[in-house]
Amino acid sequence: MTPPIVAVIGGGQLARMMTPPATALGITLRVLVESDQASAACAAHETVVGLPTDPDAIERLLAAPRPDVVTWEHEHIPADVFEACEKAGVPARPGLEALRFAQDKIQMRARMDELGLPNPAWREVRSAADLEAFLADNGGTAVLKTARGGYDGKGVRIVSSAVEAKDWLDASANGGPRLLVEAKVPFTRELAAQVARRPSGEVRTWPVVESIQRDGVCSEVISPAPQLSAERAALAQEVAARIATELGVTGVLAVELFETADGLIINELAMRPHNSGHWTIEGSVTSQFEQHLRAVLDLPLGDTAPLAPVTVMANVLGGSRSHLEGSHAEAADAGAKVHLYGKGVRPGRKVGHVTVTGTDSEQTYARAVAAATIVRDGGAA
Ligand code: ADP
């Protein structure tokens, strides 16, 4: 029997981190990378250089021996790719019917309302008047978002008047991204519930995590979310499993949630391995990367039980190249597991992460942050 081939669109760290479990499972990972310098380019078993918008690149990705399935590590997948997959007889997972809810926040909010799942107040914004009316009804301050194309807080802006949004409103009126506005949720913290679903319907959820953001970028993830009530944890897992099933998601789904004094509110969906799940590499019987591969190939899903009472993941954001090259070896904590993505360093860019397992949330958190600081800056934490 020839080994299964999984084609992945996108050559960042998420595709790179799919490689070790692919190797372990005897799967060939064929990755469409933006350049031969991309994070996944030196890790994947096979690479095709090109962009998802280039039909020729997609043809090379789908060429014989044909992949068993096509998946991705980001949501910016043009509809043409789905047509090309269909023509080639290669399933695309998750399919466009599911993925569009992760691509487009307006479609996502509308669908969550239909399903009766917890949304903030929101509306589509077609004009300055729409925005002013929403602000008037919602305390004068709200969160304006582009429906598509946002990541790491880009495409999100807190506004108190339509004047502050003039550039986005003008761009939107001239064929730019559609806009939506949401009530500003008074959240106490951000959580994420991760789940995997395979085409035959099996669903498995990981423990609910707390995700700590700085300047709109995830900086640390604590699993399980400290002091989360059993009821809320179960609710978050139910919401994630219900979304995966109702939307027909195949692969891994992360549901980002706000926790408030009154309960939980959905922030957004990611239909791929996600930063909130990096802890699973060392912290769970089955990592999100392995599970994603199993799910898209419709193989039995792995156990999602945690391997330690607490796991903390800390991102390495930016830093200086020289320190990144060598200092992980100097990390003062022998239990810290360092992951470097092989990416060029720019201030604030996610260039790696560190995971530490332990028994106490605060201590484990301090160890993970200290280790990530050493990787970023070099020397002692
Ligand atoms: P991105 O697509 O860039 O990840 P998100 O929709 O996750 O954008 O928003 C980025 C951050 O902005 C969130 O992590 C949260 O801190 C804040 N945010 C987003 N929506 C709201 C909201 N409705 N109320 C309050 N804060 C919000």
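Every number for a ligand or one of its atoms is a count from 1 in the order of the listing. Given the structure is predicted, the values throughout are model-derived calculations rather than measurements.
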Against heavy atoms of K145, which atoms of ligand 1 measure under 4.0 Å?
6 (O), 19 (C), 20 (N)

For the residue pair T304 / R204, report whether a side-chain donor-acceptor contact shorter than 3.5 Å exists.
no

Any chain of hydrophobic side-chain contacts (each under 4.5 Å) joining M108 to F258?
no

Looking at V354 and A371, what are the two nearest heavy atoms and their distance?
CG1-CB, 3.6 Å

Which ligand 1 atoms, with their elements, are less than 4.0 angstrom from a heavy-atom of A183?
22 (C), 23 (N), 24 (N)

What do we get for K154 next to ligand 1 when only non-hydrogen atoms under 4.0 Å count, side chain, backbone, both or neither?
backbone

Ligand 1 contacted by F258 (non-hydrogen, < 4.0 Å):
yes

For ligand 1, which atoms, with element, lie under 4.0 Å from some heavy atom of E256?
7 (O)

Counting heavy atoms only, which part of V185 comes closer than 4.0 Å to ligand 1: side chain, backbone, both or neither?
both

Just jot down the ligand 1 atoms closer than 4.0 angstrom to any heavy atom of F187, in number order.
16 (O), 25 (C), 26 (N)

Under 4.0 angstrom from ligand 1, any heavy atom of A142?
no

H45 and T23: side-chain donor and acceptor closer than 3.5 Å?
yes

Proximal atoms of ligand 1 relative to K184 (non-hydrogen, under 4.0 Å):
24 (N)

Ignoring hydrogens and geometry beyond distance, is a side-chain donor-acceptor pair present between E282 and H339 at under 3.5 Å?
yes

Show the atoms of ligand 1 that are less than 4.0 angstrom away from any heavy atom in K105.
1 (P), 2 (O), 6 (O), 8 (O)

If you measure from the Lys or Arg side-chain nitrogens to the Asp or Glu carboxylate oxygens, is any gap between D104 and R178 under 4.0 Å?
yes

Please report, to 0.1 Å, the donor-acceptor pairs under 3.5 Å made by any side chain of residues 3-18, with sequence neighbours excluded.
| residue | atom | partner | partner atom | Å |
| --- | --- | --- | --- | --- |
| Q13 | OE1 | K343 | NZ | 2.8 |
| R16 | NE | L340 | O | 3.4 |
| R16 | NH1 | S39 | O | 2.7 |
| R16 | NH1 | Y341 | O | 3.2 |
| R16 | NH2 | L340 | O | 3.3 |

